[in-house]
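Note sheet for the following structure.
Index from 1, following the sequence. Indexing begins at 1, ligand by ligand and atom by atom, following the structure's order.
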Amino acid sequence: MIAPSILSADFANLATEMRAVEGSDWLHVDVMDAHFVPNLTLGLPVVESLLAATDIPMDCHLMIDDPGRWAPPYAEAGAYNVTFHAEATDDPRAVARDIRAAGAKAGLAIKPGTPLDPYLEILRDVDTLLVMSVEPGFGGQSFIPEVLGKVRTVRSLVDSGELSILVEIDGGINADTIEQAAEAGVDCFVAGSAVYGAADPGRAVAALREQAAAHWPTATVGAE
Ligand code: DX5
Ligand code: ZN
């Protein structure tokens, strides 16, 4: 799955920018509050307008403090998946429960330096694990390959049937980095600058998807 991040799109033309990636699996929307991360983007009113203007399932990545208070309304508004940060709450299980009760899939995000171990149990109660492969806050940063160890760990737990969860990666994904992420077992690839920095964003999504599919662990060897 490819989830273009509109953080790298033209904010004055978001409806057009969403149409440019119509074949995408998810549309990734980065909500930043200038507290949890040193950047400010958009909030619920803009998300509501975006939801009304597209059929692409919306993946809201909340980089905000106090997700217990602010996350459920994104689910109520109709987002498909609502992801909050483990570092922003003392009670991730409660936040996930409230997001699900409000009608969305619940995602847990961890920063590059956040270990997986303390959250392994909680992964039973969420739908998505978002592994950040850059420090959250800005698009266009370089991929941090060390986070792939966390992806491999979760992939093997999913493959052995111990967990049922989608593994998403976010930050620095492009034609040079997507193959190693696919080989580690990522299910969903967020890409901002690699999609919206391309001359044809729709074609960039298709190319990334093909590249990832060819390198996914279950891909038939020599299928090309
Ligand atoms: C960064 C955001 C990402 C960002 C990724 O904090 O969470 O979703 O848009 O941008 P690229 O793909 O350019 O690294
Ligand atoms: Zn994001």
Side-chain angles (χ1 to χ4, degrees), residues 1-11 14 17-18 20-21 24-43 46-47 50 56-65 67 70-71 74 79-88 99 104-114 126-148 150-151 166-182 186-199 201-202 204-205 207-209 211-212:
M1 292 167 62
I2 305 294
S5 167
I6 58 160
L7 184 62
S8 294
D10 176 359
F11 272 35
L14 287 175
E17 296 281 61
M18 290 193 297
V21 296
S24 303
D25 302 281
W26 286 2
L27 186 79
H28 187 84
V29 177
D30 290 302
V31 175
M32 305 187 192
D33 66 354
H35 288 265
F36 180 73
V37 286
N39 195 6
L40 181 68
T41 53
L42 49 84
V46 176
V47 165
L50 295 175
I56 309 172
M58 196 167 292
D59 176 33
C60 288
H61 177 194
L62 307 183
M63 285 159 275
I64 61 171
D65 283 337
W70 301 110
Y74 289 86
Y80 179 79
N81 182 78
V82 178
T83 290
F84 60 97
H85 267 266
E87 304 86 357
I99 289 170
K105 304 276 185 200
L108 185 75
I110 50 173
K111 294 194 210 181
T114 300
V126 301
D127 303 288
T128 309
L129 173 70
L130 189 157
V131 176
M132 290 291 315
S133 40
V134 300
E135 287 303 328
F138 300 92
Q141 303 181 75
S142 298
F143 183 73
I144 301 171
E146 287 77 15
V147 306
L148 292 178
K150 292 186 274 191
V151 172
L166 214 104
V167 186
E168 185 175 13
I169 198 154
D170 184 6
I173 291 294
N174 55 42
D176 295 328
T177 57
I178 197 166
E179 293 180 1
Q180 51 183 303
V186 167
D187 298 292
C188 181
F189 304 83
V190 176
S193 46
V195 168
Y196 283 107
V205 169
L208 287 169
R209 188 188 281 125
Q211 221 185 335

Exercise for the section: Applying side-chain hydrogen bond (donor to acceptor under 3.5 Å, both in side chains), name anything that partners Asp127, two or more places apart in sequence or on another chain. Expected result: Arg100
Practice task
Measure from the side-chain N and O atoms of Ser133 to the backbone N and O of Phe143, and report whether any donor-acceptor pair falls under 3.5 Å.
Solution key: no
Handout entry: Under 3.5 Å: donor-acceptor pair, side chain of Lys111, backbone of His85
Key = no
Handout entry: Ser24 side chain vs Pro4 backbone, donor-acceptor pair below 3.5 Å
Key = no
Problem - Short side-chain to backbone donor-acceptor contact, Asp30 and Met63, under 3.5 Å - result: no
Fill in the blank from the handout: Applying ring pair (Phe, Tyr, Trp, His ring centres under 6.0 Å) to Tyr80 and not counting sequence neighbours gives Trp26
Practice task
Indicate yes or no for a side-chain donor-acceptor contact from Glu17 to the backbone of Ile6 under 3.5 Å, with no hydrogens or angles considered.
Solution key: no
Handout entry: Donor-acceptor contact present, side-chain Lys150 to main-chain Met132, <3.5 Å
Key = no
Problem - the Zn ion (ligand 2): protein N, O or S atoms that are less than 2.8 Å away, sorted by chain - result: His28 NE2, Asp30 OD1, His61 ND1, Asp170 OD2
Practice task
Output yes when a side-chain donor or acceptor of Asp25 lies under 3.5 Å from a complementary backbone atom of Ala3, and no otherwise.
Solution key: no
For ligand 1, which of its N or O atoms have a protein N or O partner closer than 3.5 Å, and how long is each gap?
from	atom 1	to	atom 2	distance (Å)
ligand 1	6 (O)	Gly137	N	2.7
ligand 1	7 (O)	Asp30	OD1	3.0
ligand 1	7 (O)	His61	ND1	3.2
ligand 1	7 (O)	Asp170	OD2	2.8
ligand 1	8 (O)	His28	NE2	3.3
ligand 1	8 (O)	Asp30	OD1	3.1
ligand 1	8 (O)	Asp30	OD2	2.8
ligand 1	8 (O)	Asp170	OD1	2.7
ligand 1	8 (O)	Asp170	OD2	3.0
ligand 1	9 (O)	Ser5	OG	2.7
ligand 1	9 (O)	Asp30	OD2	3.2
ligand 1	12 (O)	Gly192	N	2.8
ligand 1	13 (O)	Gly140	N	2.8
ligand 1	13 (O)	Ser193	N	3.0
ligand 1	13 (O)	Ser193	OG	2.5
ligand 1	14 (O)	Gly172	N	2.8

